[in-house]
Amino acid sequence: MEKKKQILSCIQPTGDMHFGNYFGAIKNWVELQDQYDCIYGVVNYHAMTMPYSPKKLRENTWALVFNLIATGIKPESIFIQSLIPEHAELCWVFNCFTSYGQLTRMTQFKDKSAQNKELGADSFISAGLLDYPVLQAADILIYKADYVPVGVDQEQHLELSRNIAQRFNNQVGKEYFVLPESLYTEVPKVRSTADPTRKMSKSAGEKHYINVFADEKRIRKQIRSAVTDTGDTPEGKMSPGVQNLFELLKASEKMEAHAQLMKDYEGGQLKYVDLKDAVADALVEISQRFIAKKEELNSNKKEVKNQIKYSSSIIRQRAQQTLKEVKDLAGLMNVKF
Ligand code: TRP
């Protein structure tokens with residue numbers, strides 16, 4: 001049997017999971033599990049690169065683990081980055097194969113340092129923030145990932161990972177690392193229902209995102225108050241708010257309702273309340289499923305945590321193997337394990 005291609009992706013622990021995250025990334029991760037060998041990391045080392053609170057970091061890390069399982073990721077595919085310290089050690093080795101100038105030119109580094117400056121006098125830009133993409137390269141290459149499902153905003157980081165792999169291969173005179181490719185899947189771009197000109201995100205505040213674990217009442221309220229027409233959409237064009245509601249319906253795989261309501265729209269007979277009800281029904285159906293699963297997990301918190309510590313230890317063996325080979329190739333002595 002042919003070996004399945006390796007998929008690797010990671011996510012930072014940053015609190016609530018919303019429908020933008022779910023439809024835009026996690027749902028795709030869940031589906032990829034049928035076809036590929038998948039590893040998904042909760043990258044808590046990365047979450048230290050911006051000002052943060054240790055207590056929140058610990059809470060958010062576990063919360064994200066539970067959320068990922070509740071939304072359909074297999075526990076055995078999940079690892080917590082700090083439980084696999086080899087990532088940080090490989091990052092060091094890779095630092096010596098990374099151009100400092102290239103790191104300073106990374107868009108995300110420039111954006112985040114600017115954000116930090118705006119935060120005020122006691123903000124500072126850590127070397128960790130500059131080094132962030134090198135740790136990301138370690139996450140990817142330590143599992144010899146073939147494909148990395150990410151958004152287009154991560155292309156620069158993927159390119160850097162390939163540059164590092166190539167420079168390492170050249171140095172050691174061997175095609176040791178596979179060059180990882182980004183995997184772009186056509187995913188819905190979900191927008192804020194309160195302001196459909198911006199994407200659904202937590203940074204803009206509570207009304208700009210719908211939590212995938214929100215209760216029915218809250219979801220219905222948020223959808224009922226969704227912006228539809230603002231009066232400034234040109235004649236014959238669908239307003240961003242209505243488009244977004246249709247997009248949510250499609251993302252929820254309610255194709256029949258979608259087709260019917262679209263027909264109403266084209267015939268000039270669409271009642272927004274019908275569209276909103278259909279969207280709310282669809283989202284509630286999904287969230288109810290997730291809530292039930294999460295309740296089950298919450299009643300076994302300890303076991304779930306142990307399961308993830310165990311899965312991390314199994315995934316770690318692969319990381320240890322790669323790091324051992326890398327150290328041999330790089331002229332470093334190895335610890336026996
Ligand atoms: N930088 C990624 C993001 O912001 C998160 C990330 C860290 C990642 N390590 C990774 C993504 C490895 C893919 C592979 O979304």
Side-chain angles (χ1 to χ4, degrees), residues 5-18 20-29 32-33 36-50 52 57 60-61 64-65 67-68 73 77-91 94-95 98 102-103 106-113 115-116 126 128-165 177-185 187 189 199-203 312 315 318-319 322:
K5 292 278 187 194
Q6 182 66 53
I7 292 259
L8 175 287
S9 199
C10 299
I11 181 170
Q12 283 200 49
T14 54
D16 291 344
M17 185 188 289
H18 57 67
N21 306 133
Y22 177 65
F23 289 136
I26 309 302
K27 184 165 185 277
N28 183 38
W29 288 13
L32 289 168
Q33 296 180 121
Y36 298 100
D37 183 357
C38 295
I39 301 181
Y40 298 120
V42 174
V43 288
N44 47 355
Y45 283 144
H46 277 104
M48 302 170 69
T49 58
M50 289 290 269
Y52 81 102
L57 177 60
N60 286 346
T61 302
L64 179 56
V65 165
N67 290 351
L68 288 172
I73 305 288
S77 309
I78 302 176
F79 73 85
I80 295 177
Q81 192 184 32
S82 67
L83 293 177
I84 311 187
E86 285 72 17
H87 288 232
E89 190 175 346
L90 184 60
C91 175
F94 282 174
N95 278 330
T98 305
Q102 193 177 359
L103 287 183
M106 291 284 144
T107 317
Q108 189 174 311
F109 172 66
K110 288 195 264 186
D111 289 351
K112 293 208 168 170
S113 353
Q115 251 178 53
N116 255 7
S126 71
L129 186 62
L130 179 71
D131 211 33
Y132 179 116
V134 184
L135 181 57
Q136 179 164 353
D139 298 337
I140 297 169
L141 295 171
I142 209 162
Y143 303 110
K144 317 241 170 91
D146 298 294
Y147 302 120
V148 185
V150 280
V152 276
D153 64 318
Q154 293 297 312
E155 184 49 41
Q156 221 181 8
H157 289 167
L158 258 293
E159 186 60 33
L160 180 82
S161 302
R162 287 189 288 269
N163 294 153
I164 293 173
F177 281 116
V178 207
L179 302 190
E181 283 176 45
S182 19
L183 184 71
Y184 299 129
T185 311
V187 287
K189 302 258 183 306
K199 65 176 197 187
M200 184 173 285
S201 92
K202 280 176 294 223
S203 50
S312 299
I315 293 172
R318 300 174 51 174
T322 302

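Along the sequence shown, residues carry numbers from 1. These values consider heavy atoms only, across backbone and side chains, with no hydrogens, waters or symmetry-generated copies. All values reported here derive from a predicted model rather than from experimental measurement. In each ligand, atom 1 is the first atom listed, and ligand 1 is the first ligand listed.
- Considering NZ of K5 and CG of L183, their distance stands at 12.0 Å, rounded to 0.5 Å.
- Residue V150 has at least one heavy-atom neighbour below 4.0 Å for each of these atoms of ligand 1: 11 (C), 13 (C).
- Using a 4.5 Å heavy-atom threshold, the side chains of S126 and L129 count as touching.
- Considering both main-chain and side-chain atoms, S9 never comes within under 3.5 Å of ligand 1 through any nitrogen or oxygen pair.
- Within the set Y40, Y45, Y132, the minimum heavy-atom distance to atom 1 (N) of ligand 1 is found for Y132.
- When the heavy atoms of Q81, H157, Q154 are ranked by distance to atom 15 (O) of ligand 1, first place goes to Q154.
- Side-chain polar atoms of D139 and Q81 form a donor-acceptor pair below 3.5 angstrom.
- Remark: D37 pairs with R318 by the salt bridge (charged side-chain N to carboxylate O under 4.0 Å, His left out) rule, at least two apart or across chains.
- For K199, the NZ atom is loosely surrounded, since the number of other residues' heavy atoms within 6.0 Å does not exceed 12.
- Protein heavy atom nearest atom 9 (N) of ligand 1, with residue, atom name and distance: D139 OD2, 2.8 Å.
- Taking a cut-off of under 4.0 Å to the non-hydrogen atoms of V148, the atoms of ligand 1 that pass are 13 (C), 14 (C).
- Applying the 4.0 Å criterion to heavy atoms of I140 picks out, from ligand 1, the atoms 12 (C), 14 (C).
- Of all atoms in ligand 1, numbered sequentially from 1 with element shown, those under 4.0 Å from a heavy atom of H46 are 7 (C), 9 (N).
- The shortest N or O to N or O distance between Q108 and ligand 1 is not below 3.5 Å.
- Checked by distance only, ligand 1 and Q12 stay at 3.5 Å or farther apart across all their nitrogen or oxygen atoms.
- Using bins of under 30°, 30° to 60° and over 60° for the plane-to-plane angle, the ring pair Y36/Y147 lands in the perpendicular bin.
- Between the side chains of S182 and E155, at least one donor-acceptor pair of N or O atoms lies under 3.5 Å.
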